[in-house]
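Since the model is a prediction, treat every value here as computed from it, not as a measurement. What's counted below: heavy atoms across the whole structure, side chains too, no hydrogens, waters or symmetry copies.
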Amino acid sequence: MSTTDDYAIPASVHSATRPMGPPSVLKRWLLADQVAPEGPQSAGSHATPHAWWKVMCLTGVDYFSTLSYLPGIAALAAGALSPLATLFIVVLTLAGMLPMYRRVARESPHGQGSVAMLERLLPFWRGKIFVLVLLGFVATSWIITITLSSADASVHALENPYAPQFLEGHAVGLTVALLLVLGGVFLLGFSEAVVVAIPLVAVFLALNAVVVIAGVAQVVARPEALSAWTSALTAGGGGVGDVLGPALLAFPLLVLGLSGFETGVSMMPLVAAPGRTPAERLAARVRNTRKLLTAAALIMSVYLIATSFLTTVLIPAPAFEDGGQASGRAMAYLAHDLLGNAFGTAYDVSSILILWFAGASAMAGLINIVPRYLPSYGMAPEWGRAVRPVVLVYTALCVIITIGFDADVNAQAGAYATGILAMMVSGALAVSISAARRRQPKAAAAFTVLTLVLLYALVENVIEMPDGIVIAAFFILGIIVVSLVSRVARTTELRADRITFDEAARRFITESLAADGALNLIANRRQAGDPAEYEDKERAQRSLNPLPGSADVLFLEIDVVDPSAFSGTLEVRGVQVDGHRVLRANSAAAPNALAAILLALRDATGVQPHAHFAWSEGNPLGHLLRYLLLGRGDTAPVVREILRENEPDPHRRPYIHVGG
């Protein structure tokens, strides 16, 4: 028997790759930063990790920027009851959304968020399609966040009294310019985006604090304004229903201010975490992400209550209407009114910048979550893991959407709300199921209530703005179609990063080479797996194929375990059945695994293997569909095509023999 050092093949062989010329400088730059796939290996980051508070600033450009318009929405929807409606949102934030996303951070610590938690519930193709639908809502919310925020920044710029006259009527052009600059920041790198976000958030929060202080002073100086507000509160009779009704009706609109939580957990791999071991670093990353979520929620809650109260008390109700001076910019109105046009313009500039860069939070979320799934599913090209190419794709898509919607904020509001609320519902559902499975009845009941509350908000939003679900459906359909086309286009890839061989498999290969200096493998789809099956198979192949009677043979079997999966490590095991030596492996598709193993044997031993097959009975089109959906079909011709695609030199390809 051979010793370990005498084996003809190592324990691990890298998958063969098609020979390519040296990459150009442009290609190296485009593919330099790669997002790790979903799963434990995704702990690696495509960018330098940053302190949790710095990453909070990047997520906060979306979350905190809602102060520019959320108080106005609350006042328009709930009138004098706006502070009460806002209080509902604060309670929901601290008692519902924060615990929910803190749990998501713990149970999905590699940045996949609630999508990964729900993916585990459904196996095979059902799970993949379910994830594609969720990613459709993710794309809806985050891409529309980018376009809507840039359009809103343009509105703030054009409504400033000092805005240049030549910009009048050019909202689309200004919005497109802002989108291109945003994309350019991410082409430079994630660290550059963080550097930009920190001062934007700091200055914006500081200016809002100044406006809040000035507003409180004004309320103290004008007690009649406070009296007018309290009178408006009791104008409807003062019943509980009169107070709670308008606040509950406004709730679905205000819940959109919670959009920053999902991006917070999606950027977990980019949060710096100390530790000596991977487990310690992962635990530290979870702790730091929870600090990020908690700090953001507390800061936003204080600002929401203060700004909602002040804008309701100090701004005349007609000013909130469409076309009014406070429409969509209540805090900017107060900044101009209380502190003069100079300070108001500084506030406008800060609002414009943070609204523009609010898209950065969404862009970072897209970069960190979508590439963790689609390339791994074979539903996007491998370059879809690279940051810069996907930034170019997302930026181009945002420009097209902006032009299509004519940079109209209201036209995009329905899709934005639908996407955000669908993501929140999925997160609440995921933690509800998790709590139930862990036998935590109180947590499960609480999160179920949260799920129903968010579902109510989603249904109300769809009823109020049905165009949102239509736009989301187009995103979902687009992702599914592109994903399936990509999956078909990648059918001839080897789908294996490396191939490992256990000791028995290495011994079988070494013995077969020692017997006659060749590698003859009989492909077999295992049925009973008894000695009679292998005897019959070997007898048939020796009579049908050019297999010499004295040739030593090995059997090669692939068990298809999950045809919806795509790539991974092939683990080849050696099994002996009454003297018959069998090489077995599990894979998502038999032909791709067979081709990868044959090329690995060639590369490791220097001998071109001979693989022997029997023709499959049945319709060729049916075989093709079975291969695409189930990983099996008429295996021999598909293996031959995969070998041809991955080895351009015919003289170096493993030999394929088919008889019968």
Item checked: Euclidean distance, Leu519 CG relative to Leu583 CG, rounded to 0.5 Å -> 9.5 Å

Next item on the list: Check whether any side-chain N or O of Ser141 sits under 3.5 Å from a backbone N or O of Val138 as a donor-acceptor pair, and report yes or no.
Entry: yes

Next item on the list: Could you tell me whether a side-chain N or O of Arg281 sits under 3.5 Å from a main-chain N or O of Gly275, the two making a donor and an acceptor?
Entry: yes

Notebook entry, point to check: What is the ring orientation for His612 with His657, classed by angle as parallel under 30°, tilted 30 to 60°, or perpendicular over 60°?
Noted result: parallel

Check: Got Trp52 and Arg290 here, is their nearest side-chain heavy-atom distance under 4.5 Å?
Finding: no

Check: Salt bridge or not for Arg644 and Glu641, using N-O below 4.0 Å?
Finding: yes

Check: What's the spacing between Glu557 CD and Asn586 CG if we round to 0.5 Å?
Finding: 11.0 Å

Note to self: Quick one, His580 and Val575 - any side-chain contact, counting heavy atoms below 4.5 Å?
What the structure shows: no

Next item on the list: Considering non-hydrogen atoms only, spot the tightest contact between Asp530 and Val577 and give its length.
Entry: C-CG1, 4.1 Å

Check: Step by step, would you call Leu556 with Ile597 a side chain to side chain contact (heavy atoms under 4.5 Å, CB included)?
Finding: CA-CA 9 Å; Leu556 183 55; Ile597 293 171; 4.1 Å; yes

Notebook entry, point to check: Hey, are Asp559 and Arg584 close enough for a salt bridge, meaning a charged N less than 4.0 Å from a carboxylate O?
Noted result: no

Check: Tell me, do Glu511 and Arg581 make a side-chain contact under 4.5 Å, heavy atoms counted?
Finding: yes

Notebook entry, point to check: Atom OG1 of Thr147 and atom CD1 of Ile400: how far apart are they, to the nearest 0.5 Å?
Noted result: 12.0 Å

Checklist line | Residue pair Phe475 / Ile143, side-chain heavy-atom distance below 4.5 Å | finding: yes

Next item on the list: Apply the test side chain to side chain contact (heavy atoms under 4.5 Å, CB included) to residues Ile9 and Leu601: give CA-CA distance (whole Å), side-chain angles for both, the deciding distance (0.1 Å), then the verdict.
Entry: CA-CA 8 Å; Ile9 190 167; Leu601 291 173; 3.6 Å; yes

Notebook entry, point to check: Checking Ser108 side chain against Ala105 main chain: does a donor-acceptor pair fall under 3.5 Å?
Noted result: no

Next item on the list: Please check if the side chain of Arg285 supplies one atom and the backbone of Met268 the other of a donor-acceptor pair under 3.5 Å.
Entry: yes

Next item on the list: Kindly compute the distance separating OG1 (Thr500) from CZ (Arg506), expressed to the nearest 0.5 Å.
Entry: 10.5 Å

Item checked: Nearest atoms (heavy-atom pairs only) where Gly183 meets Thr395 -> CA-OG1, 3.6 Å

Check: If you look at every heavy atom in Val115 and Leu134, which pair is closest and at what distance?
Finding: CA-CD1, 4.2 Å

Margin query: Ignoring hydrogens, what is the shortest heavy-atom contact between Ala518 and Val607? Give both atom names and the distance.
Written below: CA-CG1, 4.3 Å

Check: Quick one: salt bridge (charged side-chain N to carboxylate O under 4.0 Å, His left out) partners of Arg652, sequence neighbours excluded?
Finding: Glu647

Margin query: With heavy-atom distances below 4.5 Å as the criterion, would you say the side chains of Ile146 and Leu366 are in contact?
Written below: yes

Notebook entry, point to check: Sub-3.5 Å donor-acceptor pair from the side chain of Ser434 to the main-chain atoms of Ala430, do we have one?
Noted result: no

Note to self: Donor-acceptor check, side chain of Ser486 to backbone of Val482, threshold 3.5 angstrom: yes or no?
What the structure shows: no

Note to self: Measuring only between side-chain heavy atoms, which start at C-beta, is Ser12 closer than 4.5 Å to Ile499?
What the structure shows: no

Next item on the list: Examine distances only and state if a side-chain atom of Thr145 and a backbone atom of Ala362 form a donor-acceptor pair shorter than 3.5 Å.
Entry: no

Margin query: Could you work out, with salt bridge (charged side-chain N to carboxylate O under 4.0 Å, His left out) as the rule, every residue matching Arg438, not counting sequence neighbours?
Written below: Glu107

Next item on the list: Show your reasoning for whether side chain to side chain contact (heavy atoms under 4.5 Å, CB included) applies to Phe613 and Ile522.
Entry: CA-CA 7 Å; Phe613 296 81; Ile522 297 175; over 6 Å; no

Check: What's the shortest heavy-atom distance between Met423 and Phe137, and which atoms?
Finding: SD-O, 4.2 Å

Notebook entry, point to check: Is a donor on one side and an acceptor on the other found under 3.5 Å between the side chain of Thr277 and the backbone of Glu280?
Noted result: yes

Check: Are the side chain of Asn288 and the backbone N or O of Ala272 linked by a donor-acceptor pair below 3.5 Å?
Finding: yes

Check: So Ile656 and His610, side chain to side chain contact (heavy atoms under 4.5 Å, CB included) or not? Walk me through it.
Finding: CA-CA 6 Å; Ile656 303 298; His610 292 255; over 6 Å; no

Item checked: Gap separating the CG atom of Leu599 from the CD atom of Gln608, nearest 0.5 angstrom -> 10.0 Å

Note to self: Counting C-beta onward and ignoring hydrogens, is there a side-chain heavy-atom pair between Tyr534 and Arg526 closer than 4.5 Å?
What the structure shows: yes

Check: How many angstroms lie between CG in Asp552 and CG in Asn520, if you round to the nearest 0.5 Å?
Finding: 8.0 Å

Checklist line | Side chain to side chain, Val399 and Leu180, heavy atoms closer than 4.5 Å | finding: yes

Checklist line | Sequence-distant partners of Arg542, salt bridge (charged side-chain N to carboxylate O under 4.0 Å, His left out), two or more places apart | finding: Glu538

Margin query: Strictly distance-based, threshold 3.5 Å: is any side-chain N or O of Asn592 a donor or acceptor partner for the main-chain N or O of Ile642?
Written below: no

Next item on the list: Please determine, by modelled atom types, if Thr569 and Asp497 share a side-chain donor-acceptor pair under 3.5 angstrom.
Entry: no

Margin query: When you compare the side chains of Arg498 and Ser15, does any donor N or O come within less than 3.5 Å of an acceptor on the partner?
Written below: no

Check: Of the non-hydrogen atoms in Leu135 and Ile479, which two are nearest, and what is the gap between them?
Finding: O-CD1, 3.6 Å

Checklist line | Between Glu533 and Asn524, a side-chain donor and acceptor under 3.5 Å | finding: yes

